[in-house]
Amino acid sequence: MAGVLIETVQRRILWFSVLAVLFTGLIVAAVTIGPLGATLRAATAQRLEHVGAVKALTASQVAGHMTGVAMQVTSRTIIRRELEAYNRGERTADELRAFTIDKIADAMTLAPGVVGITRLGRDGTVLVSVGEVIEASVLERAAADIAHRLADDGAATLLGPFATTDGSLRLAAGAAIVSRSGGHEGTDVVLFAADGIGPVLAPQGSEQAEVTTYLGARATDGGTAWFTVGKEGLVRGIPPDPDSGWSLAAQTVRPGDWTLIAATPTDALYREVDSVIAVAAIAVAGLLACGVLALLVLLRPLAGHALITTRELEEQVHELQGLRHELEEERQRLQDSNGELEQFAYAASHDMRQPLRMVISFLDLLRRRNAGVLDGESQSYIQEAVDGARRLNAMIEGLLEYSRVGRLEDALTQVDLNGVLARAEANLGKMLDDSGAEVEQGPLPTVMGHDGQLVSLFQNLIENAVKYRAADRPPRIRISATVGAHGLWTIRVADNGRGMDPTQAPRALQLFQRLHGTGGSAPEGTGLGLALCNKIVTRHGGTITLETAEDQGTTVVFTLPAAPQQTAARPAVERQRDLAAL
């Protein structure tokens, strides 16, 4: 009887142990492999978004060049006057063509990448054409579209792509010719070679996960004309359907409202990640099987049978260590890949500034040399171009600073926030004095962080408070600190500005979001300030949120890791803060 009871107890112990090992293994697999797979797939998808974003920045530069050239051609006063005289019946078509064709040819020669310029009349008929041309019916529809969309403001827009008479696919920019009285006199269509946009659309990546880029432009029939680059230059091509097994990343290219789509096969995009997860799952399953077999051998009724040995346990430990090493190598590979993408964005933004400096310098030179020749409208066009280039330069500088935060990986050091705030106020001294801003500061702690980045954090927050101030009161900014949980300090930067709709607050922490209250106009800015603050705080292991309401001001609340020696001093700091509040 005792022997039967012992066998029953041994059998129950065996099965309970097996179930415990299986249950524990399943929990470990669910907690580690599932989230790891989701993280790796999200990081891989983000790489495609980065590629699309970088290509969209380059395409925007090409689009700006095309619309700028079209505006320069349209804004020539002397040949516009001849067109007005023709429309009034004071010039014949032959006289207009004889007067205009040489000047249009000169404009095409001075603009790099231009392969043809066509000037159309009010009714869409071809008056003057130099270089490559497209079909007259297509030009007539394009002229009607431009006149409908742009006759009010005289701006330029992107068209195409269009096929020329020899079958080549060209990009086009069109601009309505508007008289001083606001009347529509005609239309200029400027054709461009694919040299500028070709590198943007060129395939990128390996053969298994090659990224194909497509651009979509508004067609003259109101639809979207899609194209890409092939062996023979620009070719028409429609982006694949996401439901057919493709991953797409869409970006908007401005000016012109082009749509850029980076596409790659979904199975190729995630093949490497899925392989790693599959290997990890198989390894975990193998380890569970080994554990169950070991228990069956160890806990079977003792009858002189072989027991599990220390050597077998050591082999299992070695297998687990090998699996952990593989997962660590994959994590490191993804970190290196993200670092390369950040460096690529930094280099691309840095290289874009040189062409912008050239654009600003030559436009200023053009304005000074022709000060007595250009009329007020032409001077205004040049000033708008210079202002636009400077705004783009400011955005690129913001992107450089934003990408630079991700590239700084130095160890955190102890930083006194009182000194950091003093440096930030010194950098903004003139702005604070001009606006009459008042900064109230409570006792601030010493935290673990990067000194330069924390100065940039406070400087951006104070600068935002001054920019978005209310019109009926001077800016007042209050900065305070309280002890938070888990070894973090909570810092609050509150202002009495215009505030914003609370539902829009999460968007304010994203790139290129310039949000403000209903009162007043939007100040100059790039939309990178709060996004940069968000990245700095996140890099320090903290969180950042906005507490705001329209015309009630905004409070930015963020956390930073406390310095080690402050743990014992927290009650004293709390008392000092309470006394200051009184």
Side-chain angles (χ1 to χ4, degrees), residues 63-147 150-151 154-166 168 170-180 183-196 220 362-363 366 369-370 373-375 377-378 381-382 385:
H65 166 72
M66 292 172 58
T67 54
V69 170
M71 288 295 295
Q72 290 176 4
V73 173
T74 305
S75 63
R76 293 197 169 194
T77 305
I78 186 170
I79 56 177
R80 188 188 65 215
R81 290 175 178 172
E82 288 296 312
L83 178 60
E84 294 174 0
Y86 168 76
N87 289 331
R88 293 193 300 267
E90 299 173 4
R91 299 285 188 277
T92 65
D94 291 338
E95 290 174 343
L96 176 64
R97 186 177 298 106
F99 180 83
T100 307
I101 190 167
D102 291 337
K103 296 174 177 56
I104 295 292
D106 290 341
M108 187 178 75
T109 304
L110 296 175
V114 175
V115 297
I117 299 176
T118 300
R119 173 154 289 192
L120 308 172
R122 291 173 176 171
D123 56 357
T125 58
V126 176
L127 300 177
V128 181
S129 181
V130 177
E132 298 182 9
V133 296
I134 55 181
E135 294 181 3
S137 59
V138 177
L139 283 172
E140 184 176 356
R141 292 197 302 270
D145 182 50
I146 294 171
L150 304 175
T157 188
L158 298 173
L159 301 170
F162 294 130
T164 60
T165 53
D166 61 356
S168 301
R170 302 298 191 191
L171 300 177
I177 305 172
V178 182
S179 66
R180 292 182 179 274
H184 177 216
E185 300 295 334
T187 304
D188 279 340
V189 176
V190 184
L191 295 181
F192 293 83
D195 298 340
T220 55
F362 279 109
L363 285 174
L366 176 63
R369 288 188 175 181
N370 297 274
V373 177
L374 298 175
D375 57 8
E377 185 178 7
S378 300
Y381 288 157
I382 294 176

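Residues: numbered from 1 along the sequence shown.
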Minimum side-chain heavy-atom gap [X]-[Y] below 4.5 Å:
X: I117; Y: L191; value: no
X: F192; Y: H65; value: yes
X: I177; Y: T187; value: no
X: R122; Y: N87; value: yes
X: R170; Y: I134; value: no

Which distance, rounded to the nearest 0.5 Å, do you find between the [atom1] of [X] and the [atom2] of [Y]?
X: I104; Y: R119; atom1: CD1; atom2: CZ; result: 4.5 Å
X: L120; Y: D188; atom1: CG; atom2: CG; result: 7.5 Å
X: T100; Y: E95; atom1: OG1; atom2: CD; result: 11.0 Å
X: Y86; Y: L127; atom1: OH; atom2: CG; result: 5.0 Å
X: D106; Y: D102; atom1: CG; atom2: CG; result: 6.5 Å
X: M108; Y: E132; atom1: CE; atom2: CD; result: 9.0 Å

### Query
After noting the C-alpha distance and the side-chain angles of T118 and V128, does the key distance pass the side-chain contact (heavy atoms from CB on, under 4.5 Å) rule?
CA-CA 6 Å; T118 300; V128 181; over 6 Å; no

### Query
Which heavy-atom pair separates V190 from A70 by the least distance, and what is that distance?
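So the two residues come closest at CG2-CA, 4.1 Å.
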
### Task
Can you see which heavy atom on L83 is nearest to which on E185, and at what distance?
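Closest heavy-atom pair between L83 and E185: CD2-O, 3.6 Å.
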
### Query
Is R97 paired with D94 through a side-chain N to carboxylate O contact shorter than 4.0 Å?
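So D94 pairs with R97 through a salt bridge.
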
### Message
Does R369 have more than 12 heavy atoms from other residues, nucleotides or ligands lying within 6.0 Å of its CZ?
### Response
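Counting neighbours around CZ of R369, 12 or fewer heavy atoms of other residues, nucleotides or ligands fall under 6.0 Å, so no.
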
### Message
Please determine whether side chain to side chain donor-acceptor pair (under 3.5 Å) holds for the pair E377 and Y381, giving the CA-CA distance in whole Å, both sets of side-chain angles, and the decisive distance to 0.1 Å.
### Response
CA-CA 6 Å; E377 185 178 7; Y381 288 157; 2.7 Å; yes

